[in-house]
Amino acid sequence: MSNSTHRTQKKAQPAPPSARLVQLVGALGNGTGLGTHGCFAERMGRLFDLSDTIALDAAYKYQSMGPFRPEEGLTERLRADFNQTRDTLISGITLSFDPGEAKVKLRLPRTVETPPVFKPYERFYLSHQRQLITAIQYLRQRLRDGFAAQNHTLAQLAVLDTVFDNTLASYGRYCFAAIPMVLGKRFRSLWRAHRNQQPEDQPDPANAWVAPGGWLHQFRQEMQTLLLAELETRLEPVQGLLDALNHEEPLPQ
């Protein structure tokens, strides 16, 4: 292996969770994904209208007067909060697909209708999305509160994050709303493929659909994979705040 190849491999970074989610949605939707990463700055700029630009400029010039109450061990506390929230959400998703004896709020639809319908799975996915939104929004606000009390630089970052969050909220809702629609198309596509492969004179018991190798079993696995990828994507802004806290540098004045 050449030195140049070795250096290139060392510099390679794993794809961010958002890229993985886009790839998964695109694969299930036959290329219909959440968009591409090309011309990111241009597309980002189109999301900001005049009022957003004014708010962003005000946030950039924001000078917090305190009072500051620097907290020793803030990074560790917020990191633990992040990990606990993430682990709880992962566990909730995983158990909702296979709860066993556990008591969970959300359960994968178990009744298999003939012909099958996507609506119960859509409600299930949307319920998970609402759960993710609520938990992560509270987590993000807890980080901002911690930043605001620490020092001027972090207080300014908290204000900037609030502006970006508010500005991109509608675009985020639009993007994430595409996932259940793609899943619906995938559900119907798998069902059609199954029916086309099924001999007309052979029985087609619904319990075979959910057995390993069945079309509905495959769909459920794909839906769980998408949910976990969506969780990681929604956590990216919070992860960014934690990274900033770990590498705090004064913002240019």
Distance, nearest 0.5 Å, that separates [atom1] of [X] from [atom2] of [Y]:
X	Y	atom1	atom2	value
Arg188	Leu190	CZ	CG	11.5 Å
Leu235	Thr85	CG	OG1	8.5 Å
Asp98	Leu108	CG	CG	9.5 Å
Phe219	Arg186	CZ	CZ	9.0 Å
Leu183	Phe187	CG	CZ	10.5 Å
Gln137	Gln141	CD	CD	7.5 Å

Single-linkage hydrophobic cluster [X]~[Y], side-chain heavy atoms < 4.5 angstrom:
X	Y	answer
Leu228	Phe124	yes
Leu245	Leu241	yes
Val112	Met223	yes
Ile90	Leu242	yes

Quick one: closest heavy-atom pair of [X] and [Y], and the distance?
X	Y	result
Pro99	Arg107	CG-NH1, 2.9 Å
Pro115	Trp191	CB-CZ2, 4.3 Å
Pro203	Gln198	O-NE2, 3.0 Å
Met181	Ala177	CE-O, 3.7 Å
Thr233	Phe176	CG2-CZ, 4.0 Å
Pro120	Pro109	O-CG, 3.6 Å

Legend entry - Ion pair Arg140/Asp145, N-O distance below 4.0 Å: no
Legend entry - N-O pairing of Glu76 and Arg79 below 4.0 Å: no
Can you tell if the side chain of [X] reaches within under 4.5 Å of the side chain of [Y], non-hydrogen atoms only?
X	Y	result
Leu139	Arg86	no
Arg77	Leu74	yes
Gln221	Gln224	no
Val238	Ile136	yes
Ile133	Arg234	yes
Val159	Phe164	no
Leu227	Leu231	no
Ser189	Arg192	yes

Inset, instruction - Could you verify whether a donor N or O on one side chain and an acceptor N or O on the other, from Gln218 and Glu222, lie under 3.5 Å apart? - result: yes
Legend entry - Any side-chain donor near an acceptor of the partner, Ser170 and Arg173, under 3.5 Å: no
Return yes if some donor-acceptor pair links the side-chain N/O of [X] with the main-chain N/O of [Y] below 3.5 Å, else return no.
X	Y	value
Ser96	Ile93	yes
Ser91	Asp87	no
Asp165	Asp161	no

Legend entry - Arg220 to Phe97 six-membered ring, cation-pi geometry met (6.0 Å, 45°): no
Inset, instruction - Go through His194 and Trp209 one step at a time and tell me if the side-chain contact (heavy atoms from CB on, under 4.5 Å) criterion holds. - result: CA-CA 9 Å; His194 168 77; Trp209 303 346; 3.4 Å; yes
Inset, instruction - Please step through side-chain contact (heavy atoms from CB on, under 4.5 Å) for the pair Leu24 and Leu28, ending with a clear verdict. - result: CA-CA 6 Å; Leu24 287 170; Leu28 294 183; 5.6 Å; no
Heavy-atom neighbours of [X] [atom1] exceed 12 at 6.0 Å:
X	atom1	value
Glu200	CD	no
Glu71	CD	yes
Arg110	CZ	yes

Inset, instruction - Return the orientation label for the Tyr121 and Phe118 ring planes: parallel under 30°, perpendicular over 60°, tilted otherwise. - result: parallel
Legend entry - With sequence neighbours excluded, residues passing ring pair (Phe, Tyr, Trp, His ring centres under 6.0 Å) with Phe82: none
Legend entry - For Tyr125, all residues meeting ring pair (Phe, Tyr, Trp, His ring centres under 6.0 Å), sequence neighbours excluded: none
